[in-house]
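See below for the structure under consideration.
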2 protein chains.
Amino acid sequence: MASPLTQAQKAPAIAHIQCDGDDLSQCPIRGILDRIGDKWSTLLILMLQDGPKRFGVLRRAVPDISQRMLTQTLRNLQRDGFVARQVFDTVPPSVEYSLTPLGESLLLPLAGLVDWAAMNQPAILKARGQFDEERP
Amino acid sequence: MASPLTQAQKAPAIAHIQCDGDDLSQCPIRGILDRIGDKWSTLLILMLQDGPKRFGVLRRAVPDISQRMLTQTLRNLQRDGFVARQVFDTVPPSVEYSLTPLGESLLLPLAGLVDWAAMNQPAILKARGQFDEERP
DNA sequence: CTGAATCCAGCCCGATACTG
DNA sequence: CAGTATCGGGCTGGATTCAG
C-alpha cells in the first residue's frame with residue numbers, strides 16, 4: 001500500500017485476490033463490482049465528477065433514467081459513502097448531491113477502466129462480429 | 001444539449017466520457033461494465049491470469065458456480081475476445097481456456113479497481129453501517 | 001469431462017400515479 | 001422539486017437432467 005500510483009504500467013500481479021472457497025460473498029472486489037456493475041451507478045459518479053448537482057439536473061443530464069432509479073441509485077451510493085446528500089430547506093425544496101472524498105478516490109481506478117474501454121471497444125466489437133459469424 | 005461545463009475542479013482525466021443524451025446504449029464504458037459487472041466474469045478473468053486452465057479446474061476453483069454459469073460466462077468472454085478456447089480431441093475430451101492478449105490487457109485497469117476495492121472496503125463498510133444506523 | 005437444454009425463483013428496472 | 005408506492009415485464013442465474 002506504499003505505492004498507490006506507481007503501479008501504472010506494471011505487469012499483472014493480482015495474485016492475492018482469491019475470493020474463492022468459502023467467503024466469496026464478502027470478497028471486496030465483489031462488493032465494489034456489485035455497485036459499479038449496476039446500470040446507473042458509474043454513470044452518475046462520472047456525472048458528479050465536476051461538482052455538486054441537484055436532483056433535477058442529474059435527471060435532465062441522464063434523460064433515460066427514471067426518478068425511481070435515480071433516487072435508488074443515489075441512495076445506494078450515499079449508503080456506501082460515495083456521494084453526500086445536502087438538503088436546502090427552501091420552497092420549493094432542493095437537494096444537492098456531490099462526491100465524497102471516498103467517491104472521488106474511486107474516479108482514478110474508474111478512469112483506467114474507462115480509458116481501456118474506449119480504447120479497446122473496436123477490438124471487442126470485431127471479436128464479437130467474428131464469433132457470431134463463425135457460430136451458426 | 002452541449003456540455004457548457006468546464007472540467008476545472010480536481011477531476012482526473014475522464015473528461016470525454018459523456019455517454020448521456022441519445023446514444024447511451026453503445027457507450028463503450030457501458031459495454032465493458034455490462035461484462036465485468038455480471039456475477040462471474042471478473043472472477044474467471046482473475047482465475048486465468050496465471051495461465052490456461054481446464055474447465056474442470058475452473059469449476060473446482062470456484063466451487064459455488066454452476067456448470068451452466070461457467071459455460072455461459074466463458075462463452076461471453078470468448079465472444080468478446082477476452083479468452084481463447086482450445087479443444088483437445090482426446091478421450092475423455094478436455095478443453096483449455098486462456099486469456100487472449102486483449103483479455104490480459106484488461107488485467108491492468110482491473111488491477112487498479114481490485115486494489116482500490118481492497119484498500120477501501122473498510123471505509124465502505126463503515127459508511128454503510130453508519131447509514132443504516134441513522135436511518136430508522 | 002464438457003456442455004446443452006429445460007424449468008423456475010428472484011430481482012432489476014421501467015412506467016405510472018401520488019405526496020410534501 | 002424531490003421523493004415514495006405499486007405493479008409488472010424481462011433478464012439473470014441456480015438446480016436438474018440429458019447428450020457427445
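As the structure is a prediction and not an experimental result, all values here were calculated from the model. So that the names make sense, note that chain A is the first sequence line, chain B the second, and so on, each numbered from 1.
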Respond yes when some side-chain nitrogen or oxygen of [X] is under 4.0 Å from OP1 or OP2 of [N], and no when none is.
X     : N      : value
A/S66 : C/dG14 : yes
A/R54 : D/dA2  : yes
A/R85 : D/dG3  : yes
A/Y97 : D/dG3  : yes

Donor-acceptor pair, A/Q49 side chain versus A/L46 backbone, under 3.5 Å? yes
For residues [X] and [Y], determine if any side-chain heavy atom of one lies less than 4.5 Å from a side-chain heavy atom of the other.
X      : Y      : result
A/D64  : A/W40  : yes
A/I45  : A/L77  : yes
A/L106 : B/N120 : no

Please give, in whole Å, the distance from [N] [atom2] to [X] [atom1]?
X     : N      : atom1 : atom2 : value
B/L43 : D/dG13 : CG    : C1'   : 15 Å
B/K53 : C/dC1  : NZ    : P     : 18 Å
B/M69 : D/dC11 : CE    : P     : 14 Å
A/E96 : D/dA2  : CD    : P     : 10 Å
B/D64 : D/dT12 : CG    : P     : 19 Å
B/D38 : C/dC11 : CG    : P     : 18 Å
B/L58 : C/dC1  : CG    : P     : 14 Å
B/R59 : C/dG3  : CZ    : C1'   : 11 Å

Ignoring the backbone of [X], work out which of [options] is nearest its side chain.
X     : options               : value
B/P93 : D/dA2, D/dG20, C/dC13 : D/dG20
A/P92 : D/dC1, C/dT2, D/dG3   : D/dC1
A/K39 : D/dG13, C/dC13, C/dG3 : C/dC13
B/R68 : C/dA5, D/dC1, D/dG3   : C/dA5
B/R75 : C/dA4, C/dC1, D/dG13  : C/dA4

Mind checking if A/Q67 touches a base, just sugar-phosphate, or nothing, with heavy atoms under 4.0 Å? base
Determine whether B/V114 and A/L102 fall in the same hydrophobic cluster, where Ile, Leu, Val, Met, Phe, Trp and Tyr are linked whenever their side-chain heavy atoms lie under 4.5 Å apart. yes
